[in-house]
Amino acid sequence: MRLHSARFDLIAIPTAFPMKSHLQALLGQALASASSALGQPLELPAGLQIDPARDPRHGDFATNLALVVAKSLRQAPRAVAELLVRHLPDSPLVTRVEIAGPGFINFFLAPAAFQAVVEQVLSAGADYGQDRSGAHGRILVEYVSANPTGPMHVGHGRGAAYGDSLARILAATGWQVHREYYINDAGRQVDILTVSVWVRYLQGCGEVIAFPRRGYPADYVGVTSARIRAERGQDFQRGAADVLAGLPVDPDIDVDADEPTRAQIKGGQEAYVDALIDRARSMLGEGYKVIQRAALDDQLAAIRATLDAFGVHFDQWYSERSLVDSGFARTAIERLREGGHVYEQDGATWLRTSALGDEKDRVLFKADGAATYFANDLAYHIDKLDRGYPLLLDVWGADHHGYIARVRAAITALTGHKDALRVQLMQFVTLSSGRMGKRSGNFVTLQDLISEAGTDATRFFYLLRSHDQHLEFDIELARSQSNDNPVYYVQYAHARICSVFRQLAERGQQFDPAAAPSALHRLVEPQERHLLGVLQRYPDSLQAAAVQYAPHQLAFYVRDVADALHSYYNAHKFLVDDPDLQTARLALIAATGQVLRNALDLLGVSAPESM
RNA sequence: GCGCCCGUAGCUCAGUAGGAUAGAGCACCAGAUUCCUAAUCUGGGGGUCGUGAGUUCGAAUCUCGCCGGGCGCGCCA
């Protein structure tokens with residue numbers, strides 16, 4: 001099967017923007033007509049742009065068609081523009097055409113061209129601007145995948161908001177989306193968590209044993225250990241002397257030491273915790289798994305609860321442990337070996353990623369036989385492909401960027417398509433009240449943030465920045481219930497619209513959508529014209545957000561909608577004596593409310609009926 | 001040192017598959033409510049798009065150098 005670039009596919013499909021399609025059809029005819037006049041075949045070029053004009057003096061829509069084809073015709077752009085305009089068919093929706101600047105063709109449209117959007121929105125409702133056909137095919141989006149060794153921090157929150165919104169956007173633009181969370185429940189970090197819980201448990205049993213310096217000292221470790229003690233009593237108690245017998249020392253860090261010395265101390269701490277893990281395994285047997293299961297269950301429950309509160313849901317939680325236990329982690333790698341990409345050296349098993357764009361080859365199985373994180377993750381990605389997803393979209397933190405090349409190399413080796421894996425990196429999040437740090441103890445968790453600022457404000461804040469831009473999260477602003485908070489600006493627009501309809505009902509009147517079409521010609525005010533244009537732009541904004549994997553485009557769009565609504569609201573009354581005019585205006589704001597709901601839903605932000 | 005990301009108004013940021021005179025919010029200044037929610041609106045000042053070259057009809061956007069910041073360069077995860 002040939003894999004297309006998703007970006008290319010989305011550009012190639014006809015726009016959902018009716019006015020744009022209309023103009024494109026007109027230009028296509030003009031081009032065909034001009035082409036036969038010239039005796040030279042011409043087609044609509046790839047670089048064709050038909051966009052709403054930024055400056056009202058440039059009309060309503062502008063195209064660069066003449067500029068683009070001028071090169072192949074080897075003629076002056078303005079001359080080509082004049083030729084095209086001469087061959088442009090008449091349209092009742094186009095009142096005037098101008099050639100401007102270096103050769104832009106500007107279209108001035110009849111009011112009807114804008115008014116029609118109201119009917120489209122009202123009849124399509126929640127489907128306006130959307131394509132739920134799934135025609136683009138299947139895509140697997142993996143995001144968050146935070147290690148289950150502690151609470152999620154604000155950086156994970158960004159990935160959660162981004163990944164979830166992107167998944168919603170892709171599903172609304174013709175993709176069959178599957179959302180997955182990869183649980184790293186098989187690695188060394190989980191073992192460190194396990195012995196951390198065990199040591200706390202032993203302390204709780206009265207044993208005198210120091211907490212490992214590389215362990216997780218957080219409160220949640222104590223919570224799990226207390227739960228185990230409550231449920232299992234002293235089942236896992238072992239004498240401290242026996243536990244520590246023969247273990248290396250756990251060296252204390254010396255802040256004044258030079259860098260090599262500190263590295264040595266850190267190495268000693270790592271060696272100690274590893275030895276403690278081995279000791280725990282041998283002394284506890286099956287009990288080790290019980291403690292580990294308890295620790296993982298508690299962490300995953302907390303993570304799920306937080307994500308649930310954040311409105312982030314997954315179709316599947318995929319366990320790394322399950323890959324290992326089923327043996328797939330090893331058999332999947334065998335396929336790479338059959339392809340000749342695997343070799344043995346220095347006792348380890350390597351993948352020849354350097355042949356496929358990586359800087360160097362990578363270890364799959366260490367000299368001690370243990371699988372690397374990379375090997376298991378690779379098996380996971382192979383399983384994704386096996387399950388029938390030709391396109392894999394991974395959302396990772398920016399610190400993983402050096403990891404992309406090796407995973408992509410492996411995917412390329414298996415599929416022959418280096419484009420089968422797409423990785424979107426989340427740049428780092430800093431807090432206005434200081435940096436986050438996982439072991440610092442005073443980091444702000446995602447749960448804290450949601451509790452403080454609420455899901456709507458938190459998600460909107462995250463999505464108001466491009467994901468490849470560093471984000472400075474202003475907690476005070478996010479939690480402030482004031483007009484400074486950008487999410488309220490948008491939500492207030494929706495609430496205002498709802499309020500108008502409540503007022504209407506209080507007056508004993510009703511809005512009749514069926515009467516709207518014949519009344520829309522009354523929408524002639526500048527604010528109405530502007531708002532109509534914004535609503536008409538929604539399908540393209542959604543497309544742009546999908547194609548560029550950029551939910552923030554939609555966040556900016558809803559702000560534009562709110563902006564246009566507020567200006568309109570302040571300039572004109574909607575509940576007026578003239579029934580036709582009132583119907584027209586109510587239809588317009590009803591459509592505005594619908595578009596706000598549609599877009600906010602894709603951002604995961606609520607659209608309140610009152611505030 | 002090498003690789004990736006970034007540098008746009010006082011602050012936080014859009015705009016980057018090349019398009020016309022580079023935008024928004026906040027902050028600052030001046031105004032608007034007998035009327036559907038003022039969490040709103042209207043107007044104003046504010047810029048060598050880090051910098052120097054190049055590519056072409058046209059560059060914030062593409063290429064190269066330089067300056068500045070972030071991240072990554074493990075048989076860690």
Side-chain angles (χ1 to χ4, degrees), chain A residues 7-8 11 46-47 49 51 53-55 57-58 62 64 67-68 70-71 76-78 100-104 106 147 149 184 186-190 192 270 320 345-350 359-360 362-374 376-377 397-405 425 427-428 430 432 464-466 468-474 477 480-493 495-504 506-507 527 547-548 552-553 555-556 559-560 562-563 565-576 585-586 589 610-611:
Chain A
R7 173 164 287 212
F8 178 82
I11 293 160
Q49 291 174 8
D51 292 319
R54 285 184 200 153
D55 189 328
R57 283 170 294 183
H58 296 148
N64 65 347
L67 293 165
V68 181
K71 194 166 283 182
R78 284 196 71 107
F104 289 100
N106 295 333
N147 281 352
T149 51
N184 300 129
R188 177 169 172 268
Q189 296 304 321
V190 176
I192 294 175
E270 303 285 7
E320 177 185 8
Q345 187 179 312
D346 302 332
T349 303
W350 298 70
E359 291 174 355
K360 48 179 282 196
R362 306 293 175 175
V363 171
L364 292 167
F365 300 108
K366 305 177 215 173
D368 66 3
T372 58
Y373 172 86
F374 175 52
N376 287 346
D377 197 23
D399 54 335
H400 283 65
H401 92 80
Y403 188 71
I404 298 174
L425 293 179
Q427 289 300 320
F428 272 53
T430 51
S432 55
L464 215 42
R465 296 285 173 274
S466 172
D468 57 12
Q469 198 73 234
H470 295 246
L471 167 63
E472 185 173 320
F473 200 109
D474 189 334
L477 185 55
S480 76
Q481 306 256 329
S482 77
N483 51 4
D484 292 339
N485 195 329
V487 73
Y488 296 127
Y489 182 81
V490 178
Q491 293 183 317
Y492 184 46
R496 269 186 149 174
I497 291 167
C498 296
S499 174
V500 171
F501 283 96
R502 280 194 297 271
Q503 282 288 323
L504 181 73
E506 279 179 25
R507 297 181 185 194
Q527 292 86 356
V547 169
Q548 298 171 31
H552 77 276
Q553 301 269 3
F556 278 85
R559 233 175 44 175
D560 285 348
D563 186 51
L565 188 278
H566 287 312
S567 293
Y568 183 31
Y569 187 97
N570 276 276
H572 300 286
K573 277 192 67 78
F574 308 144
L575 301 178
V576 292
R585 289 182 170 175
L586 289 176
I589 65 168
S610 67
M611 291 175 66

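Hydrogens, waters and symmetry mates play no part in the numbers below; they use all other heavy atoms, side chains included. In what follows, chains carry the letters A, B, and so on, assigned in the order in which the sequence lines appear, proteins first and then strands, with residues in each chain numbered from 1.
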Could you check which nucleotide pairs with [N] in any of the strands shown, counting Watson-Crick or G-U wobble with both distances under 3.5 Å?
N      : value
B:rC2  : B:rG72
B:rA39 : none
B:rA20 : none
B:rG65 : B:rU51

According to a strict under-4.0 Å criterion, is [X] in side-chain N/O contact with OP1 or OP2 of [N]?
X        : N      : answer
A:Gln427 : B:rC6  : no
A:Lys360 : B:rC75 : yes
A:Lys366 : B:rC76 : yes
A:Ser567 : B:rU42 : yes
A:Arg496 : B:rA38 : yes
A:His470 : B:rC13 : no
A:Tyr489 : B:rA38 : no
A:Gln553 : B:rG15 : yes

Given the [atom1] atoms of [N] and [M], what is the spacing between them in whole Å?
N      : M      : atom1 : value
B:rU61 : B:rA22 : C1'   : 12 Å
B:rA60 : B:rU21 : P     : 10 Å
B:rC41 : B:rG25 : C1'   : 15 Å
B:rG10 : B:rC6  : P     : 23 Å
B:rC36 : B:rA30 : P     : 28 Å

query: Is the ring centre of A:Phe104 under 5.5 Å from the base ring centre of B:rA20, and are the two planes under 30° apart, so that they stack?
result: yes
So what does [X] hit on the nucleic acid, given a heavy-atom distance under 4.0 Å: a base, only sugar-phosphate, or nothing?
X        : answer
A:Leu504 : nothing
A:Asp368 : nothing
A:Phe556 : sugar-phosphate

field: Backbone of A:His470 reached by a side-chain donor or acceptor of A:Arg465 within 3.5 Å
entry: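 It does not hold such a pair.
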Compare the minimum distances between each of [options] and the side chain of [X], then state the nucleotide with the smallest one.
X        : options                : answer
A:Asp563 : B:rC41, B:rA77, B:rG72 : B:rC41
A:Arg188 : B:rC71, B:rA77, B:rC36 : B:rA77
A:Tyr569 : B:rC36, B:rA77, B:rU16 : B:rC36

message: Working to the nearest 0.5 angstrom, can you tell me the gap between A:Phe574 CZ and A:Ile497 CD1?
response: 7.5 Å
message: Suppose we call a contact any N or O donor and acceptor under 3.5 Å apart; does that hold for the side chain of A:Asn106 and the base of B:rA20?
response: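 Check passes, donor-acceptor contact within cut-off.
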- prompt: Name the one of A:Asn64, A:Val68, A:Leu67 that satisfies side-chain contact (heavy atoms from CB on, under 4.5 Å) with A:Pro77?
  reply: A:Leu67
